[in-house]
*Asks:* 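Encoded as structure tokens, here's the structure I'll be asking about.
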Amino acid sequence: MSPLFEPFRIGPLELHNRIVIAPMCQYSATEGSANDWHLIHLGHLALSGAGMLIVEATAVEAEGRITAGDLGLYSDANEAGLARVVGAVRAHSPIKLAIQLAHAGRKASSRAPWEGGQQIRLSEPGSWRASAPSALPHSPDEDAPTALDAAGLARIRTAFADTARRAARLGFDGIELHAAHGYLLHEFLSPLANQRDDAYGGSLENRMRFPLEVFDVVRAAFPADKPVWLRLSATDWVPGGWDIADAIAFSQALKARGCAAIHVSSGGVSPKQAIKLGAGYQVPYAQRIKAEVGLPTIAVGLITEPAQAEAIIGEGQADAVALARAMLYDPRWPWHAAAALGAQVQAPVQYWRSQPREFKDLFENAAFGAR
Ligand SMILES: Cc1cc2nc3c(=O)[nH]c(=O)nc-3n(C[C@H](O)[C@H](O)[C@H](O)COP(=O)(O)O)c2cc1C
């Protein structure tokens, strides 16, 4: 049996295999609402045979969108838009569906990547004022965000809880909290972005406080028999920034609060980051969190080859692998991985006849006949 294709549990949620489709912003929503693009995009990924699909970073309030095209789940219209997509996926795929809940913090009010990805300055049309732990811009030449006061913190906690309730109504199987890549929750964690002098800044314990409060309200708002987990950046890749020792301490605090897994990414909080890129470059961080904290981990980042993914799972470096770009490039990656590793994959009945002659057992339960 291929380790990559063995079932895996995130808390009570059983995944059919250990391949996860990483959350990927599409910057294509309409006032935060999913549209035909999301139906096509998530619909085709849902036919991939992966164990779980995580819907892109979904903002808990309009201000918390990275770009004006980000998905949101803060209004009834947003909920109705996603209900259509979730309903279509459920009708045609057994894939487990999670959603990543996010707030952009000081990286809000940006252009889409294909428009350059830069900050939309406050003087320009279409901009809005971002908020963050401290009034420090992401890059020195950018407009500074507003430092959140007690009312702002309360508003955002409530927004996370309300959005988690909407995700529960939509029937999502799990929630991933986005605390990576320099967005709001990561900004609280990193001393590079958080220079508060109140209970939410300074010591590691204080910097973890707001993300842990958000975890608690989301956990409380989502059904107890469904998992909530968190994606973090294991390091800022900047001397003096957040690092793996901090990420381990944070993961231990999350474990004590009922977090079901840690999805281990890195970077994003500072333009000064010096990332050492390479195949599977973030896997060692997942391995350390798994070994030292004892929570299931999802490894991500330049995992592109079936044998590579198989080794990560087989050698116990992580419990699941997430793929982003490789899934866009080859949306049948799990089929091809199953073929390469001698495993089986779930495919839609409509596609069973595509099974290649040399892989006679590739599709689970496949049968076809004609007269
Ligand atoms: C188009 C695109 C959109 C992304 N959007 C998100 C997102 O919404 N949330 C997130 O945590 N990471 C996001 N990422 C990062 C990916 O989830 C992943 O961590 C990263 O691309 C590294 O994995 P890969 O080498 O398999 O692509 C995005 C990446 C891409 C390519």
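Read the numbers this way: they start at 1 and go in the same order the structure lists the ligands and their atoms. Please read all numbers here as calculations on a predicted model, not as lab measurements.
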*Asks:* Would the number of heavy atoms belonging to other residues, nucleotides or ligands and lying under 6.0 Å from CG of D225 be above 12?
*Replies:*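 Counting neighbours around CG of D225, more than 12 heavy atoms of other residues, nucleotides or ligands fall under 6.0 Å, so yes.
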*Asks:* Please indicate whether any nitrogen or oxygen in Q100 is less than 3.5 Å from any nitrogen or oxygen in ligand 1.
*Replies:*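 Yes, there is a polar N/O contact under 3.5 Å.
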*Asks:* Considering only the protein, which heavy-atom contact is closest to atom 13 (C) of ligand 1, and what is its distance?
*Replies:*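 The answer is P23 O, 3.1 Å.
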*Asks:* Following the transitive rule for hydrophobic clusters with a side-chain heavy-atom cut-off under 4.5 Å over Ile, Leu, Val, Met, Phe, Trp and Tyr, establish whether W229 and V283 coincide in one cluster.
*Replies:*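 Unlinked, W229 and V283 end up in two clusters.
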*Asks:* Based purely on interatomic distance, does R325 place a nitrogen or oxygen under 3.5 Å from a nitrogen or oxygen of ligand 1?
*Replies:*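 So ligand 1 has an N or O lying under 3.5 Å from an N or O of R325.
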*Asks:* With atoms numbered from 1 as shown, which atoms in ligand 1 lie under 4.0 angstrom from a non-hydrogen atom of G301?
*Replies:*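 Numbered from 1, ligand 1 contributes 22 (C), 23 (O), 25 (O).
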*Asks:* Could you tell me the residue and atom name of the protein heavy atom closest to atom 29 (C) of ligand 1, and the distance to it rounded to 0.1 Å?
*Replies:*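 Here the nearest protein heavy atom works out to M24 CG, 4.1 Å.
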*Asks:* For E124, look at atom CD and say whether over 12 heavy atoms of other residues, nucleotides or ligands are found less than 6.0 Å away.
*Replies:*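 Counting neighbours around CD of E124, more than 12 heavy atoms of other residues, nucleotides or ligands fall under 6.0 Å, so yes.
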*Asks:* Within the structure, does A326 bring an N/O atom to less than 3.5 angstrom of an N/O atom in ligand 1?
*Replies:*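 Min N/O separation from ligand 1 is not below 3.5 Å for A326.
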*Asks:* Does Q195 have more than 12 heavy atoms from other residues, nucleotides or ligands lying within 6.0 Å of its CD?
*Replies:*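 More than 12 within 6.0 Å, yes.
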*Asks:* Taking a hydrophobic cluster as the set of Ile, Leu, Val, Met, Phe, Trp and Tyr residues connected by side-chain heavy atoms closer than 4.5 Å, whether directly or through intermediates, do L13 and L170 fall within one such cluster?
*Replies:*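 Different clusters.
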*Asks:* If you measure every N/O of C25 against every N/O of ligand 1, is any gap under 3.5 Å?
*Replies:*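 Yes; the residue has a nitrogen or oxygen that sits under 3.5 Å from a nitrogen or oxygen of the ligand.
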*Asks:* Give yes if a backbone or side-chain nitrogen or oxygen of S265 is under 3.5 Å from a nitrogen or oxygen of ligand 1, and no if not.
*Replies:*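 Such a contact does not occur with ligand 1.
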*Asks:* More than 12 heavy atoms of other residues, nucleotides or ligands under 6.0 Å from CH2 of W37: is that the case?
*Replies:*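 No, not enclosed.
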*Asks:* Look at atom 12 (N) of ligand 1 and say which protein heavy atom is nearest, naming residue and atom and giving the distance to 0.1 Å.
*Replies:*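 Heavy-atom neighbour on the protein nearest atom 12 (N) of ligand 1: R231 NH1, 2.9 Å.
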*Asks:* Among R90, R9, K96, exactly one meets salt bridge (Lys or Arg N to Asp or Glu O under 4.0 Å) together with D173. Which residue is that?
*Replies:*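 Going through the options one by one, the only one that passes is R90.
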*Asks:* Output yes when the distance from some N or O of ligand 1 to some N or O of H178 is under 3.5 Å, and no in every other case.
*Replies:*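 Yes, H178 has an N/O under 3.5 Å of an N/O on ligand 1.
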*Asks:* Could an N or O of ligand 1 be found under 3.5 Å from any N or O of V300, whether backbone or side chain?
*Replies:*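 For ligand 1, there is no N or O atom that lies under 3.5 Å from one belonging to V300.
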*Asks:* In this structure, which one of L192, N194, D236 forms a side-chain contact (heavy atoms from CB on, under 4.5 Å) with H186?
*Replies:*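 It is D236; the other options fail the test.
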*Asks:* For ligand 1, which part of M327 has a heavy atom less than 4.0 Å away: the side chain, the backbone, both, or neither?
*Replies:*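 It is neither; nothing of M327 touches ligand 1.
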*Asks:* Should we count OH of Y351 as having more than 12 external heavy atoms under 6.0 Å?
*Replies:*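 No, the 6.0 Å shell around OH holds no more than 12 heavy atoms from other groups.
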*Asks:* Which ligand 1 atoms are under 4.0 Å away from a heavy-atom of A22?
*Replies:*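 By the 4.0 Å cutoff, the relevant atoms are 17 (O).
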*Asks:* Would you indicate whether the side-chain heavy atoms of R166 and D162 approach each other to under 4.5 Å?
*Replies:*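 A side-chain contact under 4.5 Å is absent here.
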*Asks:* For F368, does the CZ atom sit with more than 12 other heavy atoms under 6.0 Å from it, leaving out its own atoms?
*Replies:*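 Yes, CZ of F368 has more than 12 neighbouring heavy atoms, counting only those of other groups under 6.0 Å.
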*Asks:* Does at least one non-hydrogen atom of A180 fall below 4.0 angstrom from an atom of ligand 1?
*Replies:*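 In this structure, A180 fails to qualify as a contact of ligand 1 - no heavy atom is under 4.0 Å.
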*Asks:* Using a strict 4.0 Å cut-off to heavy atoms of L323, name the atoms of ligand 1 that fall inside it.
*Replies:*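 Going through ligand 1 atom by atom, the ones under 4.0 Å from L323 are 26 (O).
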*Asks:* Using a 4.0 Å cutoff against the non-hydrogen atoms of H181, which atoms of ligand 1 qualify?
*Replies:*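 Selected atoms, number and element: 10 (C), 11 (O), 12 (N).
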*Asks:* Is there a polar contact, in the sense of an N or O pair closer than 3.5 Å, between L302 and ligand 1?
*Replies:*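 L302 vs ligand 1: N/O contact under 3.5 Å present.
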*Asks:* Give yes if a backbone or side-chain nitrogen or oxygen of A324 is under 3.5 Å from a nitrogen or oxygen of ligand 1, and no if not.
*Replies:*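 There is such a contact, yes.
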